[in-house]
Amino acid sequence: MGPTTLVSMLGIDRRALKVGWTLFLFALVLAALYTIRHTLVIFALALFFAHLLSPAVELLMRWRRSVSRTAALALVYAALLGLLVSLAIPLGSRIGEQAAGLASRLPAAIQEDPLSKLPLPAWLEDARPRFNQAIRDRMEELDKNVLPMLSSAGGQIVSGIGNLLSVVLIPILSFFFLKDGPAMRKSIVDSFSLRSRVLVDEILTDLHSLLTQYIRALVLLATSTFLSHLGFLSIVGVPYAILLAGIAATLEVIPVVGPAISAVVILLVAAFSGYPHVLWIVFFLVLYRVFQDYILNPYLMSEGVEVPPLLVLFGVIAGEQVAGIPGMFFSVPLIAALRVVLTRLRKRHVA
């Protein structure tokens, strides 16, 4: 008795059976991807890092045509290592020192009145105790969660990705992505039928341009945030300027939520440090956010990278539930990539 005869005897519709089997396989694939999500995060970060270094490698190869791809990669990695040693390590140590200093001072500062130097309208004076208590609650959360992570010299930051081995793997995997990228792309395209190869090649080209531009924009946005915040906070005399600028630049990579959290942290730290002109900081944060959202961000993000705000919020919330902070980070590029693929498929279908 064959499978077809058995299905007929049981009264099961063959079309419904195929749909059910397809849904089962799809759910199985999703479950497998969720199980290995940490490994996927490492490979995705390596791919992002490769796209960050790719323009430098291509520029070096065009400048020195006699240089092989492997030699160009080695030179770029050596320059990156030199940059980290000369800039990132001293800067990171300063941030760690300021975080440790703030963490040691915070327990005593929490017991003080953070709004004592901030005048409030007469109709808000009755609510001052409630505001103080709310600020104390947020600062206690900052003391327990954020500052220990920053003051531990990066050890707990590394654990957010997984472990030290994961951080070492990311540049290694990026090296192979950059070295063997053209061959890997050719293998992917050749695995499809002749009729589909042009479409697949166009999709890969679009995705490569998307990721390159997105990573470049993130780096420039984070750099702009760090320099502008450090300059303003240092000029007006806000304590822990390097620490606060580092927090703002780091959280810039998380859409919507990151800048809001960094603004709250800056205002809370300034208030509890006794800084008397908190309203100046509020004015600066609002002005910088308007500049970034309406001038800098649209300039750096082309039409292909832009994602509607509603989809950004959905992606950030859903990404946090699926994979925590990495999920929030990858939500926007994933949505943008799906949009690029669907756009290319629609154009091909219309043609």
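In terms of hydrophobic clustering, with Ile, Leu, Val, Met, Phe, Trp and Tyr side chains grouped at heavy-atom distances under 4.5 Å, Leu334 and Ile42 are assigned to different clusters. Note on Val200 and Leu211: separate hydrophobic clusters, where clusters join Ile, Leu, Val, Met, Phe, Trp and Tyr whose side-chain heavy atoms are under 4.5 Å apart, directly or indirectly. The cluster map of Ile, Leu, Val, Met, Phe, Trp and Tyr, joined by side-chain heavy atoms under 4.5 Å apart, puts Leu59 and Leu220 in different clusters. Both Ile247 and Val219 are assigned to one and the same hydrophobic cluster, defined by single-linkage of ILVMFWY side chains at heavy-atom distances under 4.5 Å. In the hydrophobic cluster analysis, where Ile, Leu, Val, Met, Phe, Trp and Tyr join through side-chain heavy atoms closer than 4.5 angstrom, Leu45 is grouped together with Met184.
Every residue meeting the salt bridge (Lys or Arg N to Asp or Glu O under 4.0 Å) condition with Asp201, not counting sequence neighbours, appears here in chain and number order: Arg185. Contacts of Gln292 classified as side chain to side chain donor-acceptor pair (under 3.5 Å), with partners at least two apart in sequence or in another chain: Thr225, Glu252, Tyr288, Arg289. For Glu58, the salt bridge (Lys or Arg N to Asp or Glu O under 4.0 Å) test picks out Arg69, with sequence neighbours left out.
Residues Ala249 and Ala222 share a closest heavy-atom pair of CB-O, 3.4 Å. Closest non-hydrogen pair, Ala337 versus Leu207, comes out as CB-CD2, 3.7 Å. Nearest heavy-atom pair across Ile281 and Ala270 is CD1-CB, 3.5 Å. Ala248 and Ile266 get closest at one heavy-atom pair: CB-CD1, 4.3 Å. Residues Leu233 and Ala245 share a closest heavy-atom pair of CD1-N, 4.5 Å. A pairwise comparison of heavy atoms in Trp280 and Phe232 identifies O-CZ, 3.6 Å as the closest pair.
Residues Ser174 and Leu53 fail the side-chain proximity criterion, which asks for heavy atoms closer than 4.5 Å. Side-chain contact between His277 and Val238 is absent, with no heavy-atom pair separated by less than 4.5 Å. The closest side-chain heavy-atom distance from Leu91 to Phe226 is below 4.5 Å. The shortest side-chain heavy-atom distance between Pro333 and Phe48 falls under the 4.5 Å cut-off. The shortest side-chain heavy-atom distance between Ile203 and Leu345 falls under the 4.5 Å cut-off. The shortest distance between side-chain heavy atoms of Arg216 and Thr212 does not fall below 4.5 Å. Between Val265 and Leu251 there is no side-chain heavy-atom pair separated by less than 4.5 Å.
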May I have the step-by-step check of side chain to side chain contact (heavy atoms under 4.5 Å, CB included) for Asp206 and Thr343, ending in yes or no? CA-CA 10 Å; Asp206 291 343; Thr343 301; over 6 Å; no
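Annotation: Phe49 is not in aromatic contact with Phe177 [ring centroid separation under 6.0 Å not met].
Atom CZ of Phe284 is surrounded by more than 12 heavy atoms from other residues, nucleotides or ligands within 6.0 Å. Annotation: Arg94, atom CZ; neighbour count of heavy atoms from other residues, nucleotides and ligands within 6.0 Å does not exceed 12.
Ring-plane geometry between Tyr214 and Phe329 is classed as tilted, the angle between the planes lying from 30 to 60 degrees on a 0 to 90 degree scale.
Between the side chain of Ser54 and the backbone N or O of Ala50 there is no donor-acceptor pair closer than 3.5 Å. Counting only distance, with no hydrogens or angles, the side chain of Tyr275 and the backbone of Val236 share a donor-acceptor pair below 3.5 Å. Between the Ser191 side chain and the Ile188 main chain, a donor and an acceptor come within less than 3.5 Å of each other.
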